[in-house]
Peer 1: 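This is the structure I have questions about; it appears just below.
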Amino acid sequence: MNMPSGLPHPGLVAAAAHHGAAAAAAAAAAGQVAAASAAAAVVGAAGLASICDSDTDPRELEAFAERFKQRRIKLGVTQADVGSALANLKIPGVGSLSQSTICRFESLTLSHNNMIALKPILQAWLEEAEGAQREKMNKPELFNGGEKKRKRTSIAAPEKRSLEAYFAVQPRPSSEKIAAIAEKLDLKKNVVRVWFCNQRQKQKRMKFSATY
DNA sequence: ATGCATGAGCA
DNA sequence: GCTCATGCATA
């Protein structure tokens, strides 16, 4: 129905840079997590059970996400605003994020690890924003005009139901299976492959995770 | 708010 | 070729 091939646009390049930055932040966060766990283990062995791992506690994350959203709204700031404002925070290795990501953080539709990595960053932004609440909002619209727009494939309901049925019995079909499914549903093989990837990723999101 | 997609990194 | 973090486009 369209040609979703990746075109090297400035936007994508910028996105790639952000990916690297976020990855670094995630790695740093992971380090903190490991340290926290170790500390908790030591404390536990010492005798007193503590809540040092609160940063990884799904309940704490959920509570924070909720508080974050309420306070963000109280500040009269949109999800998109938060995303771009993060860059102004000047945290090493942390750039801007999209409205999508902020939305997903608030609704816990990110992986547990992703939530843990983003929490300190958003927390920093929140404190900063509330601290400087009396300043005036600057909203410089620096947008370019016109690269080709990406088109989004739309999988019809019947096909989607079939894919879900296949996924139920085999979440990780081989290339051959994917090719067969693609042909039966008259979809591009790559579309089917990506659909399965996204479906698996969806299963791992906090909201659907059975790990708690 | 969410569907389909990209790209880095790993095996 | 997958996972994972992330985003554009759109309902």
Side-chain angles (χ1 to χ4, degrees), chain A residues 1-30 33 61 65-66 68-69 72-73 78-87 91 93-122 143-164 167 170-179 181-182 185-209 211:
Chain A
M1 213 180 275
N2 60 70
M3 62 136 285
S5 298
L7 299 173
H9 295 316
L12 295 180
V13 175
H18 292 159
H19 286 162
V33 172
L61 283 172
E66 177 64 32
F68 179 85
K69 182 171 185 175
R72 186 207 100 215
I73 292 174
T78 67
Q79 296 170 333
D81 289 335
V82 174
S84 44
L86 292 179
I91 296 177
V94 177
S96 61
L97 286 176
S98 66
Q99 173 265 327
S100 304
T101 300
I102 303 304
C103 173
R104 284 168 174 153
F105 179 86
E106 292 181 348
S107 60
L108 305 173
T109 44
L110 288 175
S111 70
H112 187 200
N113 281 345
N114 203 175
M115 290 293 292
I116 292 173
L118 260 31
K119 184 189 172 192
I121 296 170
L122 295 181
F143 258 70
N144 56 59
E147 286 293 330
K148 295 91 186 179
K149 308 259 182 180
R150 181 165 89 188
K151 224 45 184 176
R152 209 177 81 185
T153 301
S154 187
I155 301 174
E159 285 67 39
K160 209 169 289 188
R161 276 184 259 107
S162 294
L163 287 171
E164 281 160 3
F167 188 83
Q170 181 50 248
R172 314 187 58 162
S174 64
S175 268
E176 291 66 44
K177 286 286 186 183
I178 291 178
I181 293 172
L185 302 182
D186 192 31
L187 293 171
K188 290 179 191 170
K189 183 179 174 182
N190 204 51
V191 168
V192 175
R193 186 182 62 73
V194 169
W195 186 87
F196 274 91
C197 283
N198 283 324
Q199 206 60 26
R200 280 179 229 122
Q201 193 163 30
K202 201 171 176 180
Q203 277 197 320
K204 295 181 178 176
R205 288 173 178 175
M206 282 195 78
K207 282 257 183 159
F208 307 110
S209 177
T211 55

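In the text below, chain A, chain B and the rest are named by the order of the sequence lines, each starting its count at 1. Because the structure is predicted, anything quoted here is derived from the model rather than measured.
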Peer 1: Report yes if a donor N or O on one partner sits less than 3.5 Å from an acceptor N or O on the other, where the partners are the side chain of A:S100 and the base of C:dC8; otherwise report no.
Peer 2: yes

Peer 1: Does any pair with a residue in residues 109-121 of chain A pass salt bridge (Lys or Arg N to Asp or Glu O under 4.0 Å), and if so which ones, sequence neighbours excluded?
Peer 2: A:D55-A:K119, A:E60-A:K119

Peer 1: Would you mind telling me which of C:dA9, C:dG7, B:dA1 lies closest to the side-chain atoms of A:Q79?
Peer 2: B:dA1

Peer 1: Check if the side chain of A:R150 and the base of B:dG3 share a donor-acceptor pair of N or O atoms closer than 3.5 Å.
Peer 2: no

Peer 1: Any donor-acceptor pair under 3.5 Å between the side chain of A:N190 and the base of B:dA5?
Peer 2: no

Peer 1: Rounded to whole Å, please give me the gap between CD1 in A:I155 and C1' in B:dT2.
Peer 2: 13 Å

Peer 1: Quickly work out the A:E164 CD to B:dC4 P distance and round it to whole Å.
Peer 2: 10 Å

Peer 1: Compare the minimum distances between each of B:dA5, C:dA5, C:dG7 and the side chain of A:T153, then state the nucleotide with the smallest one.
Peer 2: B:dA5

Peer 1: Would you state whether a donor and an acceptor, one from the side chain of A:R152 and one from the base of B:dC4, lie under 3.5 Å apart?
Peer 2: no

Peer 1: Mark yes or no for whether A:T109, through its side chain, and A:F105, through its backbone, hold a donor-acceptor pair below 3.5 Å.
Peer 2: no

Peer 1: Are the side chain of A:T101 and the backbone N or O of A:L97 linked by a donor-acceptor pair below 3.5 Å?
Peer 2: no

Peer 1: How long is the line joining NZ of A:K202 and P of B:dC4, in whole Å?
Peer 2: 9 Å

Peer 1: Grab the CG-C1' distance between A:L110 and B:dG3 for me, whole Å please.
Peer 2: 15 Å

Peer 1: Which listed nucleotide (C:dA5, C:dC2, B:dA1) is nearest to the side chain of A:K69?
Peer 2: B:dA1

Peer 1: Could you tell me how far apart A:R193 (CZ) and B:dG7 (P) are, to the nearest whole angstrom?
Peer 2: 12 Å

